[in-house]
Undergrad: 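Have a look at this one before I ask anything.
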Amino acid sequence: MNNINVTRSSMPPFEEYCEEIKDLWDSRWLTHEGAKNKQLQAELEHYLGAEHIELLVNGHMAIELSLQAFGLEGEVITTPFTFASTTQAIIRSGLTPVFCDIDPVTFDLDPAEIETLITPRTCAIVPVHVYGTVCDVEAIDRIAKKHGLKVIYDAAHAFGVTYKGCGIGSFGDAACFSFHATKVFHSIEGGGACFHDKEFGEKLYRLKFYGQSGPEAVVDVGTNAKMHEFSAAMGLCNLRHVDEEIEKRRLVAQRYDEHLKSVPGIQLKAAQEAVRSNYAYYPVVFDGEIFGADRDAVQAALKGHNIMARKYFYPLTSAFACYHNRFDPAQTPIAQRISQQVLTLPLYPDLPLEMVDRICEIVVNCKV
Ligand SMILES: *Cc1c(COP(=O)(O)O)cnc(C)c1O
């Protein structure tokens, strides 16, 4: 039997993609802001409700180059409860991460704690909309304005999420999406940074194009982070189906909820008011003592049935070996506890509901 993985890439009909890439054999324009890039950019601005979006080779470079395009220096307040990319982008940009604890219900940065970590060296806040749950964008905006800080959201999990009817990419000075193959919407590999400020956009564009401002002028120390046309074509196809895919995800998540919502010792992702969710992930927090089995035991039981649930996110990024104990994960005790108790169950649009039933049966039977 094939493994049931935590996620599975959405694919458009094969013929639709072939049709979409046909033009490329005529144009011979395969990258460098070609027609597919331009079309995807316009369609994503519309879909995401973003003023501007710059397309990039992946979500990681959207974060890294956004940090660099703001010319930031000093300390960045951020969460350790995230994928490696967020923290690596901060450190690779020569900035110092200052880890802030998370809210135990939303798993996103706790705004009250952000304020206590601000120093004269703080230049920005990098929150993550973890699992697509919306950060307290209003409180974060207030804090940032009061202290003159930039806000760069890692919105890699939040494609298609809206808050009070506004696209999640419209919040912050920049919001960075990942269009990686495993995400709700993808262009195989890819990413995008949403922003408001045109000057920032020009700098971001130069940074992804080797720092060039013209054929004979290089004004920034840039890199190569362009999206190519075959990726953009995949994005155009997937965008046509993304709403159906999100609806299918909703049904899967609802089925999980039905089985798990009243089980003692299990905490689920809380529904948020005024939020249109994208059902990107299905994290479950196990309180081992109440539930009767700990997270690792549940993961092992599922693995015994070829069901590959994942520890998103464990360990905390502040505990990574590459940082040589520079940070103390114990300083964010809630994040530390959640990272030790959380297991993300398989969720993708065509996961059969009977498989959800089976997964839940295995989970519930772990209780000793
Ligand atoms: C996927 C992801 C990224 C990085 O995106 P890529 O497109 O894979 O480079 C960054 N942050 C988070 C939280 C992610 O899940």
Side-chain angles (χ1 to χ4, degrees), residues 5-10 40 44 48 53-68 76 78-93 95 97 99-100 102 106-109 124-135 151-161 168-169 171-172 174-194 204 207-208 223-228 230-232 234-235 238 249 269 277-283 310-318 320 335 338-339 342 344 347-348:
N5 291 320
V6 72
T7 180
R8 185 161 178 258
S9 295
S10 294
L40 182 61
L44 283 173
L48 295 171
I53 188 168
E54 189 62 50
L55 301 184
L56 292 120
V57 66
N58 56 47
H60 177 83
M61 289 310 278
I63 305 170
E64 199 168 304
L65 296 187
S66 291
L67 292 170
Q68 292 170 20
V76 172
T78 189
T79 171
F81 188 68
T82 183
F83 183 54
S85 171
T86 323
T87 306
Q88 297 283 45
I90 292 167
I91 292 185
R92 286 172 53 83
S93 301
L95 296 157
F99 291 106
C100 176
I102 58 172
T106 64
F107 314 124
D108 289 332
L109 277 187
I125 308 170
V126 177
V128 182
H129 300 296
V130 180
Y131 312 126
T133 54
V134 175
C135 291
V151 181
I152 296 106
Y153 281 105
D154 179 338
H157 293 180
F159 189 91
V161 171
I168 204 65
F171 297 94
C176 302
F177 291 92
S178 164
F179 310 147
H180 182 258
T182 57
K183 305 269 156 82
V184 168
F185 163 81
H186 77 85
S187 59
I188 310 172
E189 292 265 4
C194 297
L204 184 61
L207 288 176
K208 80 166 185 182
T223 182
N224 176 6
K226 305 181 297 294
M227 180 185 283
H228 64 67
F230 287 82
S231 267
M234 183 60 105
N238 281 331
R249 287 175 173 277
K269 188 160 90 71
S277 177
N278 64 358
Y279 308 95
Y281 297 93
Y282 202 87
R310 296 284 299 271
K311 299 179 197 176
Y312 295 149
F313 292 99
Y314 175 86
L316 296 181
T317 65
S318 51
F320 286 177
I338 301 289
S339 80
V342 75
T344 296
L347 196 173
Y348 45 85

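Numbering of ligands and ligand atoms starts at 1, following listing order.
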Undergrad: Identify which of Lys183, Glu64, Met61 has a heavy atom lying nearest to atom 14 (C) of ligand 1.
TA: Lys183
Undergrad: Checking the side chain of Thr133 only, and the main-chain atoms of Thr106 only, is there a donor and an acceptor separated by less than 3.5 Å?
TA: yes
Undergrad: Backbone N or O of Ala232 within a donor-acceptor pair of the Ser187 side chain at under 3.5 Å?
TA: no
Undergrad: Using a 4.0 Å heavy-atom cut-off, which part of Glu189 comes near ligand 1: side chain, backbone, both, or neither?
TA: neither
Undergrad: Identify, by atom number and element, the atoms of ligand 1 in contact range of Thr82, meaning under 4.0 Å from any of its heavy atoms.
TA: 13 (C)
Undergrad: Looking at Tyr279 versus His157, is the centre-to-centre ring distance below 6.0 Å?
TA: no
Undergrad: For His129 and Asp108, does a side-chain donor sit closer than 3.5 Å to a side-chain acceptor?
TA: no
Undergrad: Pull out every atom of ligand 1 sitting under 4.0 Å from any heavy atom of Gly190, numbered as shown with elements.
TA: 7 (O)
Undergrad: Any side-chain donor paired with an acceptor under 3.5 Å for His180 and Ser178?
TA: no
Undergrad: Do other residues, nucleotides or ligands put more than 12 heavy atoms under 6.0 Å from the OH atom of Tyr314?
TA: no
Undergrad: Among all the protein's non-hydrogen atoms, which is closest to atom 4 (C) of ligand 1, and how far away is it?
TA: Ser85 OG, 3.6 Å
Undergrad: Among all protein heavy atoms, pick the one closest to atom 9 (O) of ligand 1 and tell me residue, atom and distance.
TA: His60 N, 2.8 Å
Undergrad: Of all the atoms in ligand 1, which lie at a distance below 4.0 Å from a heavy atom belonging to Asp154?
TA: 10 (C), 11 (N), 12 (C), 13 (C)
Undergrad: Is it the case that the ring center of Tyr153 lies less than 6.0 angstrom away from the ring center of Phe171?
TA: no
Undergrad: Atom 15 (O) of ligand 1: which protein heavy atom is closest, and how many Å away?
TA: His157 NE2, 2.8 Å
Undergrad: Check ligand 1 against Gly59 and write out every atom of the ligand that is under 4.0 Å from a heavy-atom position of the residue.
TA: 5 (O), 6 (P), 7 (O), 9 (O)
Undergrad: Just which atoms of ligand 1 are under 4.0 Å from any heavy atom in Phe83?
TA: 2 (C), 3 (C), 12 (C), 13 (C), 14 (C), 15 (O)
